[in-house]
Amino acid sequence: MTQRTVLVVLFDGVQSLDVTGPVEVFTGAGLCAGDTRDAYLVRTASLDGGPVRTSSGLTLVPDSALADAPAPHTLLVPGGHGTRGQDPELTAWLRERGPHAQRLVSVCTGAIRLAEAGLLEGRRATTHWAYCEKLARDHPGIDVDPDPIYVRDGHVATSAGVTAGIDLALALVEEDLGREVALTVARHLVVFLRRPGNQAQFSVQLAAQTARREPLREVQQWITEHPADNLSVEALAARARLSPRHFARSFQADTGLTPGKYVERVRIEHARRLLEDTSDGVEEISRACGYGTPEAMRRAFVKVLGAAPAEYRRRFHPAPAAAAGASSRHIHPHR
């Protein structure tokens, strides 16, 4: 097994979970593999080697200064309040050393630091939803996608806020060491392994604005709880006691989405959960989510996710054998 050095960059104002989440994943993967020296050598470094104060007030003590750090296989730049201002010295170090890493990773607004160093130019990337617009505005050469929890573009991987860094780290472990190791780490950390990178940063209910007017809020809740019902504009308008035209205009003004788009997202999200978490057949799921036929659901999945329901389930529904095998393994402490 080839050892991979993971170098995590520290700076004042860093988000502590952006650091500790991936570090726990990579370290746990090494322990699961039997010997951390055979999997990942995880190191942290700040510009001068001195302690840094995180955005939550915790103090982190790095292993070394960046100048003395080992050449990394994976260079990871976390985010946090410390990325809001300019840091010319850190940017210069990333511009010089970043291209030599076999894998570049950012968590949350760490993407801003990579962008400032020119390392995301011409690539697709993401960051915390609240900073996607800024990243796109400040760096028009980057294809910023605000929806996914993480994005892979060649050897560069960027993730959304906080816990998305754990999802990305698990995906990298699965790529390096296999699904069984990644699944064991996920179970140990009590997180999902199978949360796919193209999963939205928010559920539909969080991504859309909550309607200001009570009848429209009730309709939003009804849609979420009854995806298999008749959710046409006419039927929803009747529930809100509004004319279809007035309802459609008011719903979009309050939520930022047309009724049809909102219903489409709710049904897709519901179907994904059923495919991931149950063994129900595609035909049964299509009816439960309001598609009527498997073909209608297939068309919706291909349009939105780029994969048919069967392919989606194959990729993200854990196989019984894998789950059983993982449950019999444990992460052992250092010997």
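In the displayed structure, R245 atom CZ is contacted under 6.0 Å by at most 12 heavy atoms of other residues, nucleotides or ligands.
For the atom pair CG of D143 and CD of E121, the computed distance is 11.5 Å after rounding to the nearest 0.5 Å. Here R123 contributes atom CZ and D153 contributes atom CG; the two are 5.0 Å apart, rounded to the nearest 0.5 Å. Annotation: the span from L41 atom CG to T74 atom OG1 amounts to 11.5 Å, rounded to 0.5 Å. Here the CD1 atom belonging to I223 is positioned 10.0 Å from the CZ atom belonging to R239, to the nearest 0.5 angstrom. For the atom pair R53 CZ and T59 OG1, the distance stands at 5.0 Å (nearest 0.5 Å). To the nearest 0.5 Å, the span separating OG1 on T163 from CG on L17 amounts to 8.5 Å.
H73 is not listed as a side-chain neighbour of V6, based on a closest heavy-atom distance of 4.5 Å or more. Between V105 and L75, the closest side-chain pair of non-hydrogen atoms is not below 4.5 Å. The side-chain heavy atoms of V156 and L120, taken from C-beta on, include a pair separated by under 4.5 Å. Annotation: side chain of C289 is in contact with side chain of L274 (closest heavy-atom distance under 4.5 Å). At a threshold of 4.5 Å between non-hydrogen side-chain atoms, the residues S46 and F11 do not count as touching. Contact check for T255 versus Q220: side-chain heavy atoms found under the 4.5 Å cut-off. Between V61 and L10 there is no side-chain heavy-atom pair separated by less than 4.5 Å. With a 4.5 Å cut-off on side-chain heavy atoms, S159 and I149 do not count as touching.
R43 places no side-chain N or O within 3.5 Å of a backbone atom of L7 that could act as its donor or acceptor partner. Of the possible polar contacts, none joining the S286 side chain to the M297 backbone as a donor-acceptor pair under 3.5 Å is found. For D63 (side chain) and T44 (main-chain N/O), a donor-acceptor pair under 3.5 Å exists by modelled atom type. Judged by distance alone, with hydrogens and angles left aside, the side-chain atoms of D12 form no donor-acceptor pair with the main-chain N or O of V52 at under 3.5 Å. Of the possible polar contacts, one joining the T158 side chain to the T126 backbone as a donor-acceptor pair under 3.5 Å is found. One N or O on the side chain of R267 and one on the backbone of P227 form a donor-acceptor pair closer than 3.5 Å. The main-chain N or O of A130 is found under 3.5 Å from a side-chain atom of H128 such that the two form a donor-acceptor pair. At distances below 3.5 Å, at least one donor-acceptor pair connects side-chain atoms of S250 with backbone N or O atoms of H246. Between the T27 side chain and the E24 main chain, no donor and acceptor come within less than 3.5 Å of each other. T258 contributes a side-chain N or O that, together with a main-chain N or O of K261, makes up a donor-acceptor pair within less than 3.5 Å.
Taking each heavy atom of P62 and G49 in turn, the nearest pair found is CG-O, 3.4 Å. For P259 against V233, the heavy-atom pair with the smallest separation is CB-CG2, 4.2 Å. Considering all non-hydrogen atoms of both residues, L94 and P99 come closest at O-CD, 3.7 Å. Nearest heavy atom pair, residue A115 against residue L135, reads CB-CD1, 3.7 Å. Of all heavy-atom pairs spanning C132 and V144, the tightest one is O-CG1, 3.7 Å. For the pair L168 and S106, the tightest heavy-atom approach, listed with the atom from each and the gap, is CD2-O, 4.1 Å.
In this structure, the salt bridge (charged side-chain N to carboxylate O under 4.0 Å, His left out) partners of E116, at least two apart in sequence or on a different chain, are R113. Taking L58 as the reference, S16, T54, S56 meet the side-chain contact (heavy atoms from CB on, under 4.5 Å) condition, with sequence neighbours excluded. Looking at residues two or more places apart in sequence or on another chain, you find a side chain to side chain donor-acceptor pair (under 3.5 Å) between E175 and R103, R152. Contacts of E283 classified as side-chain contact (heavy atoms from CB on, under 4.5 Å), with partners at least two apart in sequence or in another chain: R287, P294. Remark: Y291 engages no residue in a ring-ring contact (aromatic ring centres under 6.0 Å, His included) (not counting sequence neighbours). Partners of S232 under the side chain to side chain donor-acceptor pair (under 3.5 Å) rule, at least two apart in sequence or in another chain, are N230. Considering only residues two or more places apart in sequence or on other chains, D229 meets the side-chain contact (heavy atoms from CB on, under 4.5 Å) condition with W222, H226, L231. Evaluation of the ring-ring contact (aromatic ring centres under 6.0 Å, His included) rule for F301 yields Y312 as partners, not counting sequence neighbours. Not counting sequence neighbours, the partners of R299 by the salt bridge (charged side-chain N to carboxylate O under 4.0 Å, His left out) test are E295. With sequence neighbours excluded, no residue satisfies ring-ring contact (aromatic ring centres under 6.0 Å, His included) with H81. Checked against salt bridge (charged side-chain N to carboxylate O under 4.0 Å, His left out), D138 has the following partners two or more places apart in sequence or in another chain: K134.
Checking V107, V77, L76, V23 one by one against D18, the side chain to side chain contact (heavy atoms under 4.5 Å, CB included) holds for a single residue, V107.
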For T5 and Y40: C-alpha separation, side-chain torsions, deciding distance, then whether side chain to side chain contact (heavy atoms under 4.5 Å, CB included) applies.
CA-CA 6 Å; T5 299; Y40 298 104; over 6 Å; no
Residues V302, R298; criterion side chain to side chain contact (heavy atoms under 4.5 Å, CB included); working and verdict
CA-CA 6 Å; V302 170; R298 189 193 72 80; 3.7 Å; yes
Given R273 and E269, is the salt bridge (charged side-chain N to carboxylate O under 4.0 Å, His left out) satisfied, shown in steps?
CA-CA 6 Å; R273 285 199 300 268; E269 187 173 288; 3.1 Å; yes
Set out, in order, the CA-CA distance, both residues' side-chain angles and the distance that settles side chain to side chain contact (heavy atoms under 4.5 Å, CB included) for F26 and V185, then state yes or no.
CA-CA 9 Å; F26 288 119; V185 175; over 6 Å; no
D176 and R4: salt bridge (charged side-chain N to carboxylate O under 4.0 Å, His left out), yes or no, with the steps?
CA-CA 9 Å; D176 294 341; R4 299 169 177 86; 3.6 Å; yes
Test side chain to side chain contact (heavy atoms under 4.5 Å, CB included) applied to L257 and R265, step by step:
CA-CA 10 Å; L257 295 172; R265 292 188 178 184; 3.8 Å; yes
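Applying the salt bridge (charged side-chain N to carboxylate O under 4.0 Å, His left out) test to residues at least two apart or on different chains, none of the pairs has a partner in residues 74-101.
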